[in-house]
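Hydrogens, waters and symmetry mates play no part in the numbers below; they use all other heavy atoms, side chains included.
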Amino acid sequence: MNKAILLEGLQKILKSWWTMVAGVSLGIAFATFALQHLPKTYQADTTVLVIPPQIPEALMRSTVTDDMSMRLRALQEAVLSRNYMEQLIRETYGEDLSAEDVDGLIRSISGRMDVTALRIDPRQGGGIFQLSFRDDDPVRVAEVVNRLTRLYIDQNLRFRTVQAAGTEDTIRKLLSEVEETMKEQEAEIA
């Protein structure tokens with residue numbers, strides 16, 4: 001029964017082949033019209049590699065848990081923070097905006113921005129995240145992604161510099177303690 005219905009439907013379509021041609025032609029015409037008149041949306045992506053400090057754990061115990069998923073969540077909040085967004089808006093849209101315009105732009109940009117973790121390596125503590133932004137202006141898309149990436153890298157550099165200074169101080173203290181212990185042992189031996 002089903003075969004008979006299928007064959008009958010196929011025969012009707014073949015007899016009126018012009019309906020198929022008209023359907024395909026209308027579909028192509030509609031798609032062409034849509035491509036010409038619908039707004040174009042551009043997307044820019046950047047990928048950032050996050051690697052942990054390279055100090056062996058046996059030498060220095062981490063005082064802060066270095067869970068990469070927590071770190072990437074904090075990174076997403078930092079990238080979408082009001083401080084970053086205000087800097088971005090001043091540089092991209094200009095200085096002469098009202099507070100209401102700035103708030104609206106922050107909501108708009110945050111809604112069109114994605115920060116996603118692409119890969120997390122739990123053994124080494126590193127990971128890769130991607131920052132994406134969509135807009136109707138291709139130049140603005142690139143500027144927003146590049147500027148937010150630079151802001152993150154600058155902030156991360158400052159954080160790592162402070163962290164390295166703290167590590168250096170700790171290692172110097174350990175060195176002086178070991179030197180004093182060695183002097184005491186040498187005095188006992190002498």
Side-chain angles (χ1 to χ4, degrees), residues 31-32 34-171:
T32 304
L35 283 173
Q36 293 295 323
H37 296 287
L38 289 177
K40 292 174 178 43
T41 301
Y42 301 93
Q43 179 172 328
D45 302 318
T46 187
T47 305
V48 178
L49 172 66
V50 180
I51 56 174
Q54 300 298 313
I55 299 172
E57 260 190 62
L59 177 64
M60 180 65 66
R61 296 276 183 236
S62 179
T63 57
V64 179
T65 57
D66 228 9
D67 180 19
M68 187 47 93
S69 61
M70 288 174 49
R71 203 164 161 208
L72 285 173
R73 259 185 271 127
L75 177 73
Q76 181 175 9
E77 290 174 14
V79 167
L80 298 175
S81 72
R82 183 165 186 91
N83 184 29
Y84 276 6
M85 288 293 166
E86 285 177 352
Q87 287 181 26
L88 173 75
I89 288 169
R90 271 186 263 122
E91 293 173 8
T92 308
Y93 294 91
E95 297 278 340
D96 57 340
L97 294 172
S98 69
E100 294 170 355
D101 291 341
V102 170
D103 289 340
L105 282 171
I106 288 174
R107 283 191 300 276
S108 175
I109 290 172
S110 297
R112 293 178 283 146
M113 178 144 326
D114 293 321
V115 180
T116 54
L118 296 179
R119 185 180 56 171
I120 297 175
D121 186 357
R123 289 174 285 136
Q124 296 181 348
I128 298 173
F129 78 93
Q130 184 175 35
L131 179 66
S132 302
F133 181 67
R134 293 173 306 281
D135 194 56
D136 58 355
D137 182 2
V139 174
R140 186 180 313 134
V141 167
E143 286 176 357
V144 167
V145 168
N146 289 336
R147 183 60 188 147
L148 278 176
T149 304
R150 272 185 269 128
L151 286 169
Y152 166 71
I153 290 171
D154 291 346
Q155 183 218 19
N156 194 37
L157 181 62
R158 286 190 300 272
F159 172 75
R160 293 278 176 112
T161 301
V162 169
Q163 192 177 31
T167 303
E168 182 183 9
D169 290 343
T170 303
I171 290 175

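Evaluation of the side chain to side chain donor-acceptor pair (under 3.5 Å) rule for Gln130 yields no partner, not counting sequence neighbours. Checked against side chain to side chain donor-acceptor pair (under 3.5 Å), Gln36 has no partners two or more places apart in sequence or in another chain. Contacts of Glu100 classified as salt bridge (charged side-chain N to carboxylate O under 4.0 Å, His left out), with partners at least two apart in sequence or in another chain: none. Scored by the side-chain contact (heavy atoms from CB on, under 4.5 Å) test, Ile89 finds Tyr93, Leu97, Val102, Leu105, Ile106, Ile109 as partners (sequence neighbours excluded).
With rounding to the nearest 0.5 Å, the separation of CZ in Arg158 from CG in Asp154 is 6.0 Å.
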For a quick test of your reading: what N or O donor-acceptor pairs under 3.5 Å do the side chains of residues 134-151 make, sequence neighbours left out?
{"unit_1": "Arg134", "atom_1": "NH1", "unit_2": "Asp114", "atom_2": "OD2", "d": "2.9"}
{"unit_1": "Asp135", "atom_1": "OD1", "unit_2": "Arg112", "atom_2": "NH1", "d": "2.1"}
{"unit_1": "Asp135", "atom_1": "OD2", "unit_2": "Asp137", "atom_2": "N", "d": "3.3"}
{"unit_1": "Asp135", "atom_1": "OD2", "unit_2": "Arg140", "atom_2": "NH1", "d": "2.7"}
{"unit_1": "Asp137", "atom_1": "OD1", "unit_2": "Val139", "atom_2": "N", "d": "3.2"}
{"unit_1": "Asn146", "atom_1": "ND2", "unit_2": "Ala142", "atom_2": "O", "d": "3.1"}
{"unit_1": "Arg147", "atom_1": "NE", "unit_2": "Glu91", "atom_2": "OE1", "d": "2.3"}
{"unit_1": "Arg147", "atom_1": "NE", "unit_2": "Glu91", "atom_2": "OE2", "d": "3.2"}
{"unit_1": "Arg147", "atom_1": "NH2", "unit_2": "Glu91", "atom_2": "OE2", "d": "3.0"}
{"unit_1": "Thr149", "atom_1": "OG1", "unit_2": "Val145", "atom_2": "O", "d": "2.7"}

Under 3.5 Å, which donor-acceptor pairs link side chains of residues 38-49 to any protein atom two or more places apart or in another chain?
{"unit_1": "Gln43", "atom_1": "NE2", "unit_2": "Asp45", "atom_2": "OD1", "d": "2.9"}
{"unit_1": "Asp45", "atom_1": "OD1", "unit_2": "Ser132", "atom_2": "OG", "d": "2.5"}

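The closest side-chain heavy-atom distance from Met85 to Leu88 is below 4.5 Å.
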